[in-house]
Amino acid sequence: NGVSQISFSPKGNRLASADDAGMVTLWDMNGDNHEATVFESAGSVATAMVFAQDGGKLAVGFRNGQVKLWRMEDVKAPAITIPSDESEIT
(Lines give C-alpha, C1' and ligand atoms only; values in the text may rest on other atoms or scores of the structure.)
Protein backbone atom coordinates (compact mmCIF):
# COMPACT_ATOMS: atom_id res chain seq x y z
CA ASN A 1 0.00 0.00 0.00
CA GLY A 2 1.17 3.50 -0.79
CA VAL A 3 1.08 6.51 1.53
CA SER A 4 -1.84 8.87 0.89
CA GLN A 5 -1.27 11.48 3.66
CA ILE A 6 1.36 12.54 6.19
CA SER A 7 1.38 15.21 8.88
CA PHE A 8 3.87 16.28 11.56
CA SER A 9 2.59 17.47 14.93
CA PRO A 10 3.30 21.16 15.65
CA LYS A 11 6.20 20.27 18.00
CA GLY A 12 7.61 17.73 15.52
CA ASN A 13 7.52 14.91 18.08
CA ARG A 14 4.88 12.88 16.22
CA LEU A 15 4.34 11.93 12.60
CA ALA A 16 1.02 10.58 11.36
CA SER A 17 0.67 8.72 8.08
CA ALA A 18 -2.19 7.05 6.24
CA ASP A 19 -1.95 4.41 3.55
CA ASP A 20 -4.17 3.77 0.53
CA ALA A 21 -6.29 1.34 2.54
CA GLY A 22 -7.10 4.03 5.13
CA MET A 23 -4.88 2.62 7.88
CA VAL A 24 -3.58 5.48 10.05
CA THR A 25 -0.25 5.11 11.88
CA LEU A 26 1.12 7.47 14.51
CA TRP A 27 4.91 7.51 14.88
CA ASP A 28 6.61 8.73 18.07
CA MET A 29 9.65 10.67 16.84
CA ASN A 30 11.25 10.99 20.31
CA GLY A 31 14.33 8.87 20.93
CA ASP A 32 15.79 6.23 18.63
CA ASN A 33 12.89 3.77 18.71
CA HIS A 34 10.24 5.65 16.68
CA GLU A 35 7.46 3.51 18.13
CA ALA A 36 4.30 3.25 16.04
CA THR A 37 0.64 3.07 17.04
CA VAL A 38 -1.76 1.80 14.39
CA PHE A 39 -5.31 3.13 14.48
CA GLU A 40 -8.38 1.44 13.05
CA SER A 41 -9.04 1.97 9.36
CA ALA A 42 -12.00 3.86 7.97
CA GLY A 43 -11.99 1.49 5.00
CA SER A 44 -11.35 4.40 2.64
CA VAL A 45 -8.40 6.46 1.42
CA ALA A 46 -7.43 9.38 3.70
CA THR A 47 -7.73 12.65 1.79
CA ALA A 48 -6.93 15.13 4.59
CA MET A 49 -4.92 14.94 7.82
CA VAL A 50 -4.06 17.60 10.39
CA PHE A 51 -2.95 17.90 14.00
CA ALA A 52 -4.62 20.47 16.25
CA GLN A 53 -2.50 23.56 16.81
CA ASP A 54 -1.62 22.37 20.34
CA GLY A 55 -0.83 18.85 19.05
CA GLY A 56 -3.49 17.33 21.30
CA LYS A 57 -5.70 15.85 18.58
CA LEU A 58 -5.32 14.35 15.12
CA ALA A 59 -8.16 14.68 12.60
CA VAL A 60 -8.28 12.56 9.46
CA GLY A 61 -10.82 12.93 6.66
CA PHE A 62 -11.53 10.04 4.31
CA ARG A 63 -12.81 9.76 0.75
CA ASN A 64 -16.04 8.15 2.02
CA GLY A 65 -16.83 11.40 3.88
CA GLN A 66 -16.02 10.04 7.34
CA VAL A 67 -13.85 12.04 9.76
CA LYS A 68 -11.99 10.40 12.64
CA LEU A 69 -10.57 12.33 15.58
CA TRP A 70 -7.95 10.87 17.94
CA ARG A 71 -6.85 12.39 21.26
CA MET A 72 -3.08 12.26 21.66
CA GLU A 73 -3.17 11.96 25.47
CA ASP A 74 -4.72 8.48 25.05
CA VAL A 75 -3.77 7.09 21.65
CA LYS A 76 -5.09 3.62 22.56
CA ALA A 77 -8.65 4.97 22.98
CA PRO A 78 -11.06 4.57 20.06
CA ALA A 79 -11.41 7.50 17.69
CA ILE A 80 -14.36 9.83 17.76
CA THR A 81 -16.07 9.23 14.42
CA ILE A 82 -18.08 11.90 12.66
CA PRO A 83 -20.55 10.11 10.37
CA SER A 84 -20.39 10.38 6.63
CA ASP A 85 -22.74 12.38 4.50
CA GLU A 86 -21.18 10.63 1.46
CA SER A 87 -19.17 13.73 0.53
CA GLU A 88 -15.42 13.42 -0.02
CA ILE A 89 -13.28 15.26 2.55
CA THR A 90 -10.53 17.36 0.95
Side-chain angles (χ1 to χ4, degrees):
N1 288 335
V3 175
S4 63
Q5 293 288 316
I6 63 167
S7 181
F8 276 98
S9 65
K11 293 180 183 176
N13 59 331
R14 291 186 168 130
L15 170 68
S17 64
D19 67 19
D20 292 339
M23 188 66 63
V24 176
T25 304
L26 180 69
W27 302 90
D28 182 352
M29 304 306 289
N30 293 320
D32 296 330
N33 241 3
H34 302 304
E35 290 185 35
T37 302
V38 179
F39 298 134
E40 75 267 19
S41 172
S44 181
V45 175
T47 57
M49 175 181 283
V50 65
F51 279 93
Q53 189 173 10
D54 66 359
K57 294 179 182 66
L58 172 67
V60 182
F62 296 90
R63 184 168 288 148
N64 65 5
Q66 199 174 81
V67 175
K68 289 188 175 272
L69 183 68
W70 287 275
R71 294 170 308 193
M72 297 295 98
E73 72 268 6
D74 186 9
V75 297
K76 299 292 186 188
I80 297 167
T81 301
I82 300 168
S84 168
D85 68 355
E86 302 302 320
S87 300
E88 181 174 343
I89 304 295
T90 57

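In what follows, every heavy atom counts, from backbone to side chain, and hydrogens, waters and symmetry copies are set aside.
When all heavy atoms are compared, the tightest approach of Lys76 to Thr37 is NZ-CG2, 4.2 Å. Contact record, Glu73 with Gly56: OE1-O, 3.9 Å, taken as the closest heavy-atom pair. Between Arg71 and Ala77, the closest heavy-atom pair is NH2-CB, 3.4 Å. Residues Phe51 and Pro10 come closest through the heavy atom pair CB-CD, 3.8 Å. The heavy-atom pair separating Gln5 from Met49 by the smallest distance is OE1-N, 3.8 Å. The two atoms that bring Arg14 and Met72 nearest to each other are NH1-CB, 3.0 Å, heavy atoms only.
Under a 3.5 Å cut-off, the side chain of Ser4 and the backbone N or O of Ala18 do form a donor-acceptor pair. Asn13 places no side-chain N or O within 3.5 Å of a backbone atom of Asn30 that could act as its donor or acceptor partner.
Contact check for Trp70 versus Val24: side-chain heavy atoms found under the 4.5 Å cut-off. For the pair Ile6 and Trp27, the minimum side-chain heavy-atom distance is 4.5 Å or more.
The environment of Gln53 atom CD is sparse: at most 12 non-hydrogen atoms of other residues, nucleotides or ligands sit within 6.0 angstrom.
Under a hydrophobic-cluster definition in which Ile, Leu, Val, Met, Phe, Trp and Tyr are linked whenever side-chain heavy atoms come within less than 4.5 Å, directly or via other members, Leu26 and Phe62 are assigned to the same cluster. Both Leu15 and Val3 are members of a single hydrophobic cluster when ILVMFWY side chains are connected at heavy-atom separations under 4.5 Å.
Among Val75, Thr25, Val60, the single residue meeting the side-chain contact (heavy atoms from CB on, under 4.5 Å) criterion with Phe39 is Val75.
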